[in-house]
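Both ligands and their constituent atoms are indexed starting at 1 by order of listing.
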Amino acid sequence: MNKSNKAKDYATILDPDDIPTEWYNIQADLPEPLPPPLNPGTLEPISPDLLERIFAKELIHQEVSTERFIKIPDEVLDAYLRIPRPTPLYRAKRLEAFLKTPAKIYYKCEHFGPAGSHKTNTALAQAYYNKKQGIERLATETGAGQWGTALALSSALFGLKCRIFMVRISYQQKPGRRTMAQIWGAEIFPSPSDQTEYGKKLLAKDPNHLGTLGIAITEALEDTLHNENTRYCLGSVLNHVLLHQTIIGLEAKKQFEAIDVYPDVVSGCIGGGSNYAGFCFPFMMDKLKGKADTEFVACESKAVPHTTKGVYTYDFGDTGKVTPLLKMLTIGNDYSCPPIHAGGLRYHGMAPAISYLIQKEYMKSIAYHQNEVFEAANILAKTEGLITAPETAHCVKFAIDEALKCKKTGEAKVIAFNNSGHGLLDLTSYETYLAGKLQDYEPEKIEVKSIVR
Ligand SMILES: Cc1ncc(COP(=O)(O)O)c(C=O)c1O
């Protein structure tokens, strides 16, 4: 491992031999067990057996496991190394100089893989466990297309068929991701689609329905239940997804150790919570054990304020009310998400583990408008050269604001954020921003019909 000053000032590259070989499961260290998912029919905790028709068995096992570390299978580790992992941890020195701040800003680079985001970390694991179980076909939804492309890529690498329901507005706004999924051999439909009964019902009411992630999830579940050798994969929210993403934070921790630095503030953007959980949980482990007093800040959109204005209650994970009930911060499964360009943040709920940590004040959350977010993304692009994803840009905004606060106070805080993806297929959003045509949205009022508190 590189311990030189260059590593401290530029990038810390972890040797492939030092890649973590286990994922970290935060369920082992939470002060109390997370509230269990409920069967919506009985309002009793759902039996893991009932989920076997939907998910691969090993993923259900991981969902409820309280083992602290879970071994990464050799096949998944091999796939990680080829993607390639470990990803570098960069120091944003030019951004620091531009802001004239004493703060030190570091970011983890999840944008380097072929699919362009962190989503491949769990897609590879989910494809592997399904293949191992003898499943032939995967079904899923995708918002901005990042998750869909990651699963399409992973299905191709593990020899599985893949069907994707892509939120219609993103299908139209982001044709590049749809083409990538097709190149990797997946079938991809705009959602609501004519492929499911639920989709047809919605299209009959509104043929131009823009779709939401909640609707696309209902469609993918219906598709799964109608096809025997198909299983469903989810790109965020659930414990096993967050678990796989901890490879990000485990690598980052080793990288910070190598340069004798420990972050004061760890931030990331939240759609369903997976990239941020993956980045921050290995650091949160230290806070939960009383070994560090790090500040954790989750960044979301003011247009979809699931954690800043949501209610902590049981809600469905989808709009068609098919999934088990999850206890989470939610703005309601029927919330009609405005057409913001950060498509991956357009989800009504939040991972139960992240919701719990926010509720218990281990973590803060903050919301931004998309114009201020794109302004921050443009500063990052001009200083660091990196054109980041619109979703990620939310935590870039936070990092810049925090660094500017340090400029006033003179504090040399270490601020870390997770660069969850690149924005090279989101250039229309940047174009709209540069043309001054980007609109900010904020709901006047949030109403959540609570099922069980
Ligand atoms: C680049 C990127 N970052 C963040 C997200 C938000 O998802 P999550 O909160 O699960 O990381 C997405 C979702 O599509 C994404 O594509």
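- Some N or O of Asn275 is nearer than 3.5 Å to an N or O of ligand 1, by distance alone.
- Distances below 4.0 Å separate heavy atoms of Ser420 from the following atoms of ligand 1: 1 (C), 2 (C), 3 (N), 4 (C).
- Contact check on Glu96 versus Arg91 returns a salt bridge, with a Lys/Arg side-chain nitrogen under 4.0 Å from an Asp/Glu carboxylate oxygen.
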Stepwise salt bridge (charged side-chain N to carboxylate O under 4.0 Å, His left out) check, Asp315 with Lys327: CA-CA 6 Å; Asp315 194 6; Lys327 181 120 187 204; over 6 Å; no
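- In summary, the atoms of ligand 1 found under 4.0 Å from a heavy atom of Ile270, numbered by their order in the structure, are 9 (O).
- For ligand 1, the atoms sitting less than 4.0 Å from at least one non-hydrogen atom of Cys269 are 3 (N), 4 (C), numbered in the order shown with element in parentheses.
- Ion pairing of Lys360 with Glu32 is present here, as a side-chain N (NZ or NE/NH1/NH2) and a carboxylate O approach within less than 4.0 Å.
- Between Lys119 and Gln245, the side chains place no donor N or O within less than 3.5 Å of an acceptor N or O (distance only, hydrogens not considered).
- Given atom 16 (O) of ligand 1, the protein heavy atom at minimum distance is Gln146 CG, 2.7 Å.
- In terms of polar-atom proximity, defined here as any N/O pair under 3.5 Å, Ala389 makes no such contact with ligand 1.
- At the top of the distance list for atom 7 (O) of ligand 1, counting protein heavy atoms only, stands Lys119 NZ, 3.3 Å.
- Electrostatic pairing of Arg68 and Glu22 does not count as a salt bridge here, judged by no charged N lying under 4.0 Å from a carboxylate O.
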List the steps, then state whether ring pair (Phe, Tyr, Trp, His ring centres under 6.0 Å) holds for Phe256 with Tyr262. CA-CA 6 Å; Phe256 275 120; Tyr262 197 95; 7.6 Å; no
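- Interface of Ser236 with ligand 1, defined as ligand atoms under 4.0 Å from a residue heavy atom, comprises 8 (P), 10 (O).
- Looking at Ser274 against ligand 1, both its backbone and its side chain come within 4.0 Å, counting heavy atoms.
- Within the 4.0 Å heavy-atom criterion, neither part of Gln245 lies near ligand 1.
- Geometrically, ligand 1 and Gly272 share a nitrogen or oxygen pair separated by less than 3.5 Å.
- Judged by distance alone, the side chains of Thr230 and Arg137 do bring a donor and an acceptor atom under 3.5 Å apart.
- For atom 14 (O) of ligand 1, the closest non-hydrogen atom of the protein is Gly344 CA, 3.4 Å.
- Salt bridge absent: Glu251 and Lys254 never bring a charged side-chain N and a carboxylate O closer than 4.0 Å.
- Distances from ligand 1 to the non-hydrogen atoms of Gly273 include at least one value under 4.0 Å.
- Considering backbone and side-chain atoms together, Gly421 places no N or O closer than 3.5 Å to any N or O of ligand 1.
- Salt bridge absent: Lys104 and Asp264 never bring a charged side-chain N and a carboxylate O closer than 4.0 Å.
- Applying the side-chain contact (heavy atoms from CB on, under 4.5 Å) test between Glu110 and each of Asn275, Asn418, Thr392, Thr120 identifies Asn418 as the sole match.
- Under the 4.0 angstrom criterion for non-hydrogen atoms, His111 is not in contact with ligand 1.
- For Glu391, no nitrogen or oxygen atom sits less than 3.5 Å from a nitrogen or oxygen atom of ligand 1, counting backbone and side chain alike.
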